[in-house]
Amino acid sequence: MDGYGTSGMLTDLYQLTMAYGYVKSGKADTEAAFHVLFRESPFGGAFAVAGGLQQAAEFLTGMSFTDEDLEWLAARTGNDGEPIFEEWFPAYLRDLRFCCDVDAVPEGTVVFANEPLVRVTGPIAQCQLVETALLNIVNFQTLVATKAARVCLAAEGRPVVEFGLRRAQGPDGGVSASRAAYVGGCTGTSNVLAARLFGIPAIGTHAHSWVMAFPSEAEAFEAYADALPNNGTFLVDTYDTLEGVRRAVAAARRLRERGHEMIGVRIDSGDLAGLSVGARAILDEAGFPDAVVVASSDLDEHVVAGLIAEGAAIDVFGVGTRLAAAWDQPALGGVYKLSAIREPGGRWEPRIKVSEETVKVTVPGLLGVRRFTREGLFAGDAVYLVEDPPPGAVTIVDPADPTRTKTFRRDEPAEELLVPVFRGGEPVREPPPLPEVRRRTLAQLERLDDSHKRFLDPRPYPVGLEERLHDLRTRLILEARRAEGG
């Protein structure tokens, strides 16, 4: 990350005011446990793909405040015109070094609503300071990685290229979206900066303006072939699409005479299904069976699935705005919730937030997540107390409906999802190369039953509280309700 990507100022003011308050009240070193999770799967689906965790780790490693930052903070005033922060607080921030423990699911992991993606434990003031940045990074990249995974599922193995930079949410959002789209399964990006920063394959050709800049489409294609003989993908829908394909074929024949092959043609408007079939026929008849037909034009998973169902002869999908801007859901809604506190070295004391909205009632304790597998497929996830792990068979209880339970035998295959990332503020896990993260996503989706991946009425994946955790949560809710009544 560059520029402000590791600035401690990448936060909300109330994180700083709380940190200040913790220090001033003598609670700065009280240890806290916070968890990042989302309450509802995005896009009406049943799963998400964890994204942004490597960049979150980079933020935590480099988080700092400059002298200019501290001068600015020192000048903030309250409603009486006096400074909000006393003079010692900027010095405290200047000397601050992140010393928390962080555990997280590996990036590219398939994850579900109401289970922790990240656990942060350590001095409460520090835990509070990193909340906003963690949510900013993980929320957005998880959202886009999930959208990309859905589009790639709809494409049924055909390559998907991310084209969204020009309509993304600013330069930083565009770069992050390109990275997350690759994590989610896209094969490349048009975003040159993201390609350079992250090693993503850069893919691109020419625009309609290239064709319009020449006296004729044929001359435009010929000039492009002369300029970039090894990048011959021609945009054919500036005037008449199928005539454009024929003119691309003419340019491709001259390329072949010079020892080069056309890559293919791109269609960006009109009846993509019908035009792609017509283009395929022209290319095959002309002796270019290996030339690909690329389609773009406001695609998403639903449009792609519809095109394939119609029998479109599309080999590659270019997906832009609706992917990079997460068109139909602008935010994941991930939250960062306190669940336990303790004095240094003591035993964790669970904490719970009780709300009139059932979905906003939190889960208390230091939490782990265990994923069970049956016949090679993911079968269910148990959220449990790390200090009181299940000793044998595990029964999970649906937090929204305690009559719904599922039991896993002690001998069934299981894995812990949260793995150490930082200990005492020091990184303990080398981040994998981005292509490896992408491969993990694809492998994870293979192990998820098709019923959880369908777009229409997907079957919810079983995520539940281990029964003793469920009992603790119920007891704390009842105690809180009684306290409210008393």
Side-chain angles (χ1 to χ4, degrees), residues 12 14-15 18-19 22 27 30-42 48 50 100-105 111-136 138-139 142 331-342 347-370 381-390 396-402 404-405 417-418 460-485:
D12 294 305
Y14 74 79
Q15 311 292 10
M18 283 191 289
Y22 286 135
K27 292 182 65 68
T30 296
E31 293 187 333
F34 285 82
H35 297 86
V36 173
L37 68 147
F38 56 91
R39 298 182 177 119
E40 185 176 348
S41 295
C100 296
D101 292 350
V102 179
D103 298 80
V105 298
V111 291
F112 306 96
N114 299 308
E115 64 184 16
L117 280 65
V118 182
R119 183 178 70 224
V120 181
T121 57
I124 192 168
Q126 290 199 19
C127 291
Q128 204 74 71
L129 283 172
V130 302
E131 172 181 355
T132 300
L134 285 182
L135 287 176
N136 174 273
V138 172
N139 271 342
T142 297
L332 178 64
V335 295
Y336 183 87
K337 293 300 180 183
L338 174 71
S339 63
I341 63 171
R342 69 177 182 180
R347 185 169 179 82
W348 289 106
E349 300 175 14
R351 290 290 187 268
I352 191 168
K353 172 185 177 290
V354 178
S355 171
E356 292 181 0
E357 297 179 59
T358 302
V359 72
K360 291 190 175 182
V361 178
T362 61
V363 178
L366 186 70
L367 306 177
V369 186
R370 187 173 298 174
D381 293 0
V383 181
Y384 68 92
L385 291 166
V386 171
E387 290 194 315
D388 189 19
I396 59 175
V397 182
D398 185 337
D401 181 358
R404 296 175 60 87
T405 64
L417 292 192
L418 296 174
Y461 178 87
V463 174
L465 306 182
E466 192 270 332
E467 56 187 346
R468 288 174 299 174
L469 174 57
H470 174 265
D471 292 344
L472 171 66
R473 182 174 185 257
T474 301
R475 176 171 60 82
L476 293 179
I477 291 172
L478 292 173
E479 289 176 358
R481 298 291 190 207
R482 283 194 293 269
E484 289 175 4

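Since we're looking at a predicted model, the values are computed, not measured.
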Is the count of non-hydrogen atoms from other residues, nucleotides or ligands lying under 6.0 Å from Arg404 atom CZ greater than 12? no
Considering all heavy atoms of both residues, which atom of Arg468 and which atom of Pro389 are nearest to each other, and what is their separation? NH2-O, 3.0 Å
CG-OG1 distance between Asp12 and Thr132, expressed to the nearest 0.5 angstrom: 3.5 Å
Start with the C-alpha gap between Val105 and Leu418, add the side-chain angles, then the distance that decides, and say whether side-chain contact (heavy atoms from CB on, under 4.5 Å) holds. CA-CA 5 Å; Val105 298; Leu418 296 174; 4.0 Å; yes
Between Pro402 and Val397, which heavy-atom pair has the shortest distance, and what is it? CA-CG1, 3.6 Å
What's the shortest heavy-atom distance between Glu115 and Leu37, and which atoms? O-CB, 3.5 Å
Considering all heavy atoms of both residues, which atom of Leu385 and which atom of Pro364 are nearest to each other, and what is their separation? CD2-O, 3.8 Å
All N/O donor-acceptor pairs, side-chain side in residues 116-124, below 3.5 Å, sequence neighbours left out:
{"unit_1": "Arg119", "atom_1": "NH1", "unit_2": "Leu367", "atom_2": "O", "d": "2.6"}
{"unit_1": "Arg119", "atom_1": "NH2", "unit_2": "Asp103", "atom_2": "OD1", "d": "3.2"}

Calculate, to the nearest 0.5 Å, the distance between atoms CG and NE2 belonging to Leu366 and His35 respectively. 5.5 Å
Pairwise side-chain contact, Thr474 with His470, heavy-atom cut-off 4.5 Å (strictly under): yes
Under the side-chain contact (heavy atoms from CB on, under 4.5 Å) rule, what do Arg473 and Val361 come out as? Steps first, then yes or no, please. CA-CA 9 Å; Arg473 182 174 185 257; Val361 178; 3.5 Å; yes
Of all heavy-atom pairs linking Cys127 and Tyr336, the shortest is O-OH, 2.7 Å
Between CG of Asp381 and CZ of Arg370, what distance do you get to the nearest 0.5 Å? 11.5 Å
CG of Leu129 to CD of Glu131: how many Å apart, nearest 0.5 Å? 10.0 Å
Over all atoms of both residues, closest heavy-atom pair of Leu469 and Val383: CD2-O, 3.3 Å
Any chance you could measure Tyr384, atom OH, to Leu465, atom CG, to the nearest 0.5 Å? 13.5 Å
Extract all donor-acceptor atom pairs below 3.5 Å that involve side chains of residues 347-357 and protein atoms in other chains or at least two apart in sequence.
{"unit_1": "Glu349", "atom_1": "OE1", "unit_2": "Arg351", "atom_2": "NH2", "d": "3.3"}
{"unit_1": "Ser355", "atom_1": "OG", "unit_2": "Glu357", "atom_2": "N", "d": "3.0"}

Using side-chain heavy atoms (C-beta onward) and a distance below 4.5 Å, is Thr362 in contact with Ser339? no
Roughly how far, to the nearest 0.5 Å, is the CD1 atom of Ile341 from the CZ atom of Phe34? 10.0 Å
Verify the neighbour count for atom CD of Glu387: are there more than 12 heavy atoms of other residues, nucleotides or ligands below 6.0 Å? yes
